[in-house]
*Asks:* 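Structure provided below as structure tokens; questions to follow.
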Amino acid sequence: MRRLLTFALPAALSAALLGAAAAPASATPPNIPSAATAASRLATLTVAAESHGSTYDRDLFPHWITISGTCNTRETVLKRDGTNVTTDSACAATSGKWYSPYDGATWTQASDLDIDHMVPLAEAWASGAWSWTTSRRQSFANDLGGPQLWAVTDNVNQAKSDKDPAEWQPSVTSFRCTYARAWIQVKWYWGLTVDGSEKSALTTMLGTC
């Protein structure tokens, strides 16, 4: 059964996310399926050419909304996925340690990290999000309930940009299995399409699991 997404996060979940100082440096987002489940879900995705790409606008996906208190989505992910993270009164991370699974780098300055959308916003738009309401796009852009948001090295995130797995894959080859499983989960949960080359690349990546 697909999980239900709400932005009025339960108090216990908010506390867990915001109190993640004890989380390991290699913490990962929740709800990454097994390789077998991911393969099954990939098989159910509609294969279609991307469309509406020329009308994409990042502002159509309101992101980094307030999650709890003064903490926005970016700050919440940094606290969730870091080790010994401390923050100031504005919820900005002032110290901590983060491991970027895409390239295997470890960072101690939050400014060295971007929060990557596993399925980029432009990719989502061209895969069906063009027809969504702004409210649904906001939910997608701030999805803490699934494996959509990752703290990673900033220039690696910039190199990935809006590319799908047929165009870009993490340099850490041992992570590509997890990357494919996470990508498929996001596309499946949100009802997005895949194109043919993307599906082929994901199938190959699952073969490394």
*Asks:* Any chance you could lay out the side chain to side chain donor-acceptor pair (under 3.5 Å) test for Thr73 and Thr76, step after step, and finish with the verdict?
*Replies:* CA-CA 5 Å; Thr73 314; Thr76 301; over 6 Å; no
*Asks:* About how many Å separate CG of Asn72 and CH2 of Trp64, when rounded to the nearest 0.5 Å?
*Replies:*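 Answer for the CH2-CG pair, Trp64 versus Asn72, is 8.0 Å.
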*Asks:* I need the minimum non-hydrogen distance between Leu42 and Leu206, along with the two atoms involved.
*Replies:*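 Looking at all heavy atoms of both residues, the shortest contact is CD2-CD1, 4.3 Å.
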*Asks:* Roughly how far, to the nearest 0.5 Å, is CG of Asn142 from CD1 of Ile65?
*Replies:*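 CG of Asn142 is found 4.0 Å from CD1 of Ile65.
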*Asks:* As a test of understanding, state which of Val85, Ile115, Thr87 forms a side-chain contact (heavy atoms from CB on, under 4.5 Å) with Leu78.
*Replies:*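 Exactly one pass, corresponding to Ile115.
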*Asks:* So, do Asp164 and Asp195 sit near enough that their side-chain heavy atoms are less than 4.5 Å apart?
*Replies:*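 Yes. Closest side-chain heavy atoms under 4.5 Å.
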*Asks:* Quick one: pull up NZ in Lys160 and CG in Asn157 and give me the separation to the nearest 0.5 Å.
*Replies:*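 One gets 7.0 Å once the value is rounded to the nearest 0.5 Å.
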*Asks:* Classify the ring geometry between Tyr56 and Phe61 as parallel (under 30°), tilted (30 to 60°) or perpendicular (over 60°).
*Replies:*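 Tilted.
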*Asks:* Hey, what do you get for CG (Leu121) to NE2 (His63), rounding to the nearest 0.5 Å?
*Replies:*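 Here the interatomic distance stands at 7.0 Å.
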*Asks:* With a 4.5 Å heavy-atom cut-off, do Trp150 and Asp81 have their side chains touching?
*Replies:*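 No, too far: nothing below the 4.5 Å cut-off.
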*Asks:* So Leu45 and Thr193, do their side chains get closer than 4.5 Å, heavy atoms only?
*Replies:*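 Answer no - side chains too far apart.
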*Asks:* Decide yes or no for Pro147 and Val186: does some side-chain heavy atom of the first lie under 4.5 Å from some side-chain heavy atom of the second?
*Replies:*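 Answer yes - side chains close enough.
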*Asks:* Out of curiosity, Trp130 CH2 to Ser51 OG, how far, rounded to the nearest 0.5 Å?
*Replies:*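 Taking CH2 in Trp130 and OG in Ser51, the distance rounds to 6.0 Å.
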*Asks:* Between Trp132 and Arg137, is there a cation-pi geometry (under 6.0 Å to ring centre, at most 45° from the normal)?
*Replies:*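 Checked: cation-pi criterion not met.
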*Asks:* Can you give me the closest heavy-atom contact between Pro101 and Val152, atom names plus distance?
*Replies:*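 For Pro101 versus Val152, the nearest heavy atoms are CD-CG1, 4.3 Å.
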*Asks:* Is any side-chain heavy atom of Pro33 closer than 4.5 Å to one of Arg41?
*Replies:*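 When only atoms from C-beta onward are counted, Pro33 and Arg41 do touch, with a gap below 4.5 Å.
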*Asks:* Would you say the side chain of Arg136 lies within less than 4.5 Å of the side chain of Trp190, judging by non-hydrogen atoms?
*Replies:*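 A side-chain contact exists here, since the closest heavy-atom pair is under 4.5 Å.
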*Asks:* Could you tell me which residues satisfy side chain to side chain contact (heavy atoms under 4.5 Å, CB included) with Thr204, sequence neighbours excluded, listed by chain and number?
*Replies:*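 For Thr204, no residue satisfies side chain to side chain contact (heavy atoms under 4.5 Å, CB included) once neighbours in sequence are set aside.
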*Asks:* Could you give me the CA-CA distance, side-chain angles and deciding distance for Glu123 and Glu198, then say whether side-chain contact (heavy atoms from CB on, under 4.5 Å) is met?
*Replies:* CA-CA 11 Å; Glu123 166 71 21; Glu198 175 188 353; 3.4 Å; yes
*Asks:* Report yes or no: does Gln138 contribute a side-chain atom to a donor-acceptor pair with the main-chain N or O of Pro62 at less than 3.5 Å?
*Replies:*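 No, Gln138 side chain to Pro62 backbone: no donor-acceptor pair under 3.5 Å.
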*Asks:* How long is the span from the CZ atom in Arg80 to the SG atom in Cys71, to the nearest 0.5 Å?
*Replies:*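 Between Arg80 CZ and Cys71 SG, I get 13.5 Å after rounding to 0.5 Å.
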*Asks:* Walk me through whether Thr28 and Thr178 qualify under side-chain contact (heavy atoms from CB on, under 4.5 Å).
*Replies:* CA-CA 10 Å; Thr28 56; Thr178 301; 5.6 Å; no
*Asks:* In a check of side chain to side chain donor-acceptor pair (under 3.5 Å) between Thr153 and each of Asp112, Asp114, Asp103, Asp116, which one passes?
*Replies:*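 Only match with Thr153 under side chain to side chain donor-acceptor pair (under 3.5 Å): Asp103.
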*Asks:* State, to 0.1 Å, how close His117 and Ala141 come at their nearest heavy-atom pair, and which atoms those are.
*Replies:*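 In terms of heavy atoms, the two residues are closest at NE2-O, 2.9 Å.
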*Asks:* Can you check side chain to side chain donor-acceptor pair (under 3.5 Å) on Lys187 and Ser127, steps first, answer last?
*Replies:* CA-CA 9 Å; Lys187 285 247 169 158; Ser127 302; 3.0 Å; yes
*Asks:* Where is the tightest heavy-atom contact between Phe140 and Leu192, given as atom of each residue plus distance?
*Replies:*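 So the two residues come closest at CE1-CD1, 4.0 Å.
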*Asks:* By side chain to side chain contact (heavy atoms under 4.5 Å, CB included), which residues pair with Ser40, not counting sequence neighbours?
*Replies:*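 Once residues adjacent in sequence are excluded, Ser40 has no partner under the side chain to side chain contact (heavy atoms under 4.5 Å, CB included) criterion.
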*Asks:* In terms of ring plane angle, is the pair Tyr102 and Phe175 parallel, tilted or perpendicular, where the classes change at 30° and 60°?
*Replies:*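 The rings of Tyr102 and Phe175 sit tilted, inter-plane angle from 30° to 60°.
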*Asks:* In sequence, state the C-alpha distance, the side-chain angles, and the governing distance for Trp125 and Thr55, and then conclude on side chain to side chain donor-acceptor pair (under 3.5 Å).
*Replies:* CA-CA 9 Å; Trp125 176 268; Thr55 59; 3.2 Å; yes
*Asks:* Is any side-chain heavy atom of Glu75 closer than 4.5 Å to a side-chain heavy atom of Thr70?
*Replies:*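 SC-SC contact between Glu75 and Thr70 ruled out.
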*Asks:* Walk me through it: do Trp168 and Tyr179 pass the test side-chain contact (heavy atoms from CB on, under 4.5 Å)?
*Replies:* CA-CA 11 Å; Trp168 186 92; Tyr179 190 90; 3.6 Å; yes
*Asks:* Can you find a heavy atom in the side chain of Thr208 that is under 4.5 Å from one in the side chain of Thr173?
*Replies:*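 The answer is no, as the side chains (C-beta and beyond) never meet within the 4.5 Å cut-off.
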*Asks:* Grab the two heavy atoms, one from Arg181 and one from Ser34, that are nearest each other, plus how far apart they are.
*Replies:*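 Looking at all heavy atoms of both residues, the closest pair is NE-C, 4.0 Å.
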*Asks:* With ring centroids as reference points, do Tyr189 and Trp183 lie under 6.0 angstrom apart?
*Replies:*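 They do not qualify: ring centres at least 6.0 Å apart.
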*Asks:* Give the minimum heavy-atom separation between Ala110 and Ala93, together with the two atoms involved.
*Replies:*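 Of all heavy-atom pairs spanning Ala110 and Ala93, the closest is CB-CB, 3.9 Å.
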*Asks:* Ignoring hydrogens and angles, tell me if any N or O in the side chain of Gln169 forms a donor-acceptor pair with the backbone of Pro165 under 3.5 Å.
*Replies:*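 Present.
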*Asks:* Taking atom types as modelled, is there a side-chain donor on Ser95 or Thr86 under 3.5 Å from an acceptor on the other?
*Replies:*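 Judged by distance alone, the side chains do pair up.
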*Asks:* State whether a side-chain donor-acceptor pair under 3.5 Å links Ser200 with Ser197.
*Replies:*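 The criterion, which ignores hydrogens and geometry beyond distance, is not satisfied for Ser197 and Ser200.
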